[in-house]
Amino acid sequence: MDLKSIEKKWQQRWEKAKLHGFDKKSEKPKLYVLEMFSYPSGAKLHVGHWYNYGPTDSYARFKRMQGYNVFQPMGFDAFGLPAENFAIKTGVHPKDSTEKNIATMEGQLKAMGAMFDWSAEIKTCGEDYYKWTQWMFLQLYKKGLAYRKEAPVNWCPSCQTVLANEQVVDGRCERCSTVVVRKNLTQWFFKITEYAEELLSGLDALDWPEKTKSMQRNWIGKSTGCEIEFASESGEKFRVYTTRCDTVYGVTYVVLAPEHPLARKLTTPDRRQAVEAYIAEAAKANEIERLSSAREKTGVFTGSYAINPVNGKAVPIWLADYVLASYGTGAVMAVPAHDERDFAFAKKYGLPIEKVIEKKGGETVLPYTEDGIVVGSYTFDGLMGEEARDAIAAHISKLGKGGKKVNYRLRDWLVSRQRYWGAPIPVVHCPKCGVVPVPEEDLPVKLPYDVEFRPDGKSPLAKHEKFMNTTCPVCGGAAKRDPDTLDTFVCSSWYYLRYADAKNSKMPFDREAVDKLLPVDTYVGGAEHACMHLLYARFFTKALRDMGYLDFDEPFKRLVHQGVILGPDGNRMSKSHGNIVSPDDYVNEYGADAFRLYLMFGFSYTEGGPWSDDGIKAVARFLDRVEKLVLKISAYKNKHEEPYGAEEKALDYARHLAISRVTKDLEAFSFNTAVARLMELVNALAKYDGLAEKNVALLKSVAKDLVLLLGPFAPHFADELWEQTGGKGFVLEQRFPVADPAALVLDEKEYAVQINSRIVLKVNLPSALTNAEIEASVKELPEIAVRLAGKTVKKCVVVPGRLVNLIVG
RNA sequence: GCGGACGUGGCGGAAUGGCAGACGCGUUGGACUUAGAAUCCAAUGGGAAACCGUGCAAGUUCGAGUCUUGUCGUCCGCACCA
């Protein structure tokens with residue numbers, strides 16, 4: 001069979017029959033199967049796309065054949081830095097390169113033979129899409145979930161531009177490897193922290209990979225501790241955050257982050273010079289230095305003292321950049337006896353160390369950071385760990401100086417980018433009225449084409465006079481637009497909602513359409529999005545729910561990560577490794593079906609692994625074998641249903657076992673074992689076909705089921721065989737075979753007979769026997785009887801259908 | 001340092017606590033061929049055998065690749081978060 005030509009033929013027929021769309025009128029249960037949409041930065045689909053979309057499409061086809069009304073849309077995450085960087089390098093406008101790439105990829109995606117519903121296609125760079133991305137921004141702004149503040153961002157001094165966090169790899173610019181510095185800019189943020197608790201607690205109920213959930217938990221970083229208010233001798237109050245309030249009597253100094261608002265205020269005149277120098281030094285420190293835990297700690301004394309509220313003791317106030325301004329209160333109490341960092345710092349600067357915790361039943365070596373018995377701490381001596389913390393927190397609370405406090409590591413999401421190729425932020429800056437949101441009826445704020453996007457440290461849009469100059473929607477006076485664009489992750493935070501109603505020009509989506517299709521039942525994509533896209537999308541869903549636009553809590557009920565296909569050398573495929581495998585070469589040689597089938601068979605889906613083309617020949621051979629066998633069987637003229645004996649029963653058993661296992665495996669995304677079951681069935685069928693006398697009716701019936709089973713795996717191939725063997729309609733319209741439990745009951749089962757847990761022999765026994773009967777018949781076996789002679793059987797373990805274990809004294 | 005995952009033939013990989021290595025690749029032998037390719041058939045964890053085998057060491061169990069503890073190694077994520 002010439003797979004390539006039949007693939008084109010079937011793709012055309014499917015399209016003509018509109019076979020693949022979601023049926024809005026259908027009564028069947030809906031199933032929303034979604035793959036993460038493609039990013040059109042490269043011109044072509046790579047192996048990773050095929051690996052994500054091919055097997056998932058097989059799952060979708062399987063569910064469709066099972067009777068679900070499957071919705072499987074596809075689109076393009078088309079804004080973003082790679083297109084812009086490509087433009088900077090080559091001068092090709094991002095819009096032009098993106099549109100060209102999308103056109104190519106659309107063609108390739110269709111050639112894959114996936115049942116994407118192209119009527120719902122979306123491209124995030126289209127005005128009809130980013131209009132609604134801007135609308136989302138406005139809703140969040142209205143709700144108080146979008147705000148502007150000055151913040152440090154990643155700045156690449158060589159590229160003269162701000163970088164997204166994900167573009168900073170180990171503190172260096174992803175493109176030029178220059179060390180990134182921090183720079184304060186006024187930025188837009190989304191208040192994702194408002195949902196920290198729900199984003200955390202909601203994870204428990206999700207059918208997601210444990211690893212991904214744990215990464216999100218980690219990222220959200222909930223910590224339960226205590227806030228304690230200290231006051232300087234001059235009366236300035238500030239709070240510290242600690243998880244170890246049981247050590248509060250051991251505080252010998254406090255530390256503020258250099259960026260702390262009180263840092264300068266608390267500095268005495270004689271310390272002014274040193275402190276200013278330190279603050280300047282800390283601000284200059286680059287990401288690598290600042291993030292390194294191995295780095296020696298530095299700090300400076302402010303000259304002021306703070307009063308410890310629990311014991312009235314005055315302790316020096318220091319500044320040090322090992323305290324982060326953005327976490328907790330930006331200030332900590334230092335207990336060098338019981339914290340490694342404080343200990344190192346105290347040693348270096350000669351600060352006192354006071355032990356207030358003792359190891360239970362052992363020598364206390366400082367710094368001692370484990371839980372222990374409280375000593376030298378007022379009435380709390382003798383308490384331990386959690387008990388001590390509860391008591392001391394209650395005490396602090398009673399003093400009115402703070403109390404228990406939950407903190408999250410999660411920060412608000414910085415969404416503004418000083419970049420061209422993204423959705424413009426829909427606000428106007430008016431000299432009179434301040435920040436004014438663009439009225440919804442004026443959306444979209446169009447992204448102009450003729451922009452100088454070469455980086456020079458300012459937002460490219462800022463240089464576009466026509467774009468920037470506008471009138472204030474409130475007072476009508478002259479005003480400026482916001483020159484920044486939105487992070488592309490904003491676009492992808494709601495695209496799964498837009499698919500449900502992709503062509504709506506009045507709303508981002510109709511509530512009814514979304515209610516009908518969402519949430520996504522199965523979402524498949526790379527694990528690298530664990531703490532970005534997958535978190536942002538959850539946030540959007542919850543925010544939209546609270547604004548009344550939808551009525552569910554989580555966007556993705558079930559999540560599957562495909563593994564990564566590595567180069568043949570075991571490294572990630574990359575130009576620098578020179579190990580890129582092009583899917584096109586294989587698709588041209590073996591066809592899309594064989595290529596997809598190999599991706600399913602050659603790897604454990606969630607693991608991935610190094611590419612090897614040995615296996616692709618094997619699956620091509622398998623398809624060939626199936627074709628010959630099915631066509632041969634189909635050509636048998638007679639249709640007699642005789643004989644029907646043990647051989648026939650075995651074949652029927654093989655069929656139903658395959659059906660049952662394939663069904664289970666597909667459900668679990670265990671594609672490699674599913675294909676193995678098909679191979680077993682083919683082996684059984686070929687074996688039976690080799691018999692001299694055979695039941696042709698049974699053969700034909702099993703061959704027919706085989707073709708149906710193959711439908712999700714090799715869709716073009718299956719349709720071709722289906723047609724050639726007289727099938728009506730498309731395989732996709734047939735019912736996926738259902739295993740008959742009766743056929744799976746065998747008359748006899750093979751038992752492993754063990755004596756003292758060692759296998760002695762194997763024996764076939766009728767399935768109908770009770771455990772006692774099994775035990776009795778095993779004991780009667782001559783070989784067993786001999787071995788048991790003169791011994792007592794102390795115990796007999798029978799595992800029905802499996803084994804018998806005789807424990808002999 | 002913290003968190004997560006994983007260590008099984010020559011290779012990719014299978015195994016609800018119950019016959020380890022399904023399925024496939026590769027290899028070997030055979031058939032068909034002038035010959036090769038393709039195809040088909042058979043064998044294939046190690047060992048002559050008793051037996052031994054799931055990184056290593058213990059433990060629980062009638063029974064452990066699977067559960068528990070420790071240990072070594074690999075991969076991934078986070079990392080001065082007080």
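Given the structure is predicted, the values throughout are model-derived calculations rather than measurements. Within every chain, numbering begins at 1; the chains are lettered A, B, ... in the order of the sequence lines, protein sequences first and strands thereafter.
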Give a yes/no on whether any side-chain N or O of [X] is located under 4.0 angstrom from OP1 or OP2 of [N].
X        : N     : value
A:Arg802 : B:C19 : yes
A:Lys795 : B:C62 : yes
A:Tyr327 : B:A82 : yes
A:Asn672 : B:A22 : no
A:Ser604 : B:G12 : no

Worksheet item: Across the strands shown, which category fits A:Gln754 at heavy-atom distances under 4.0 angstrom: base, sugar-phosphate, nothing?
Response: base
Worksheet item: Quantified in whole Å, what is the P atom distance between nucleotide B:A22 and nucleotide B:G3?
Response: 38 Å
Pairs: protein N or O with nucleotides 45-55 of chain B N or O, under 3.5 Å:
unit_1, atom_1, unit_2, atom_2, d
B:C52, OP2, A:Arg758, NH2, 2.7

Practice prompt. Go ahead and write out RNA chain B as dot-bracket, 5' to 3': ( ) for pairs within the strand, [ ] for ones crossing earlier pairs, | when the partner sits on another strand, dots for unpaired; Watson-Crick or G-U wobble, both distances under 3.5 Å.
Written response: (((((((..(((.....[....)))((((((.......))))))((....))..(((((..]....))))))))))))....
Item to complete: Check the distance between B:C78's P and A:Met532's CE and give it to me in whole angstrom.
Response: 10 Å
Item to complete: Using only heavy-atom distances, decide whether a donor-acceptor pair under 3.5 angstrom links the side-chain of A:Lys617 to the base of B:C25.
Response: no
Worksheet entry | B:C25 base / A:Asp614 side chain donor-acceptor hit below 3.5 Å | no
Worksheet item: Among the nucleotides B:G24, B:C62, B:C23, which one has an atom lying closest to any side-chain atom of A:Asn805?
Response: B:C62
Scan the side chains in residues 793-809 of chain A for donor-acceptor partners under 3.5 Å anywhere in the protein, sequence neighbours excluded, and list what turns up.
unit_1, atom_1, unit_2, atom_2, d
A:Asn805, OD1, A:Ser757, N, 2.9
A:Asn805, ND2, A:Gln754, OE1, 3.4
A:Asn805, ND2, A:Ser757, OG, 3.2

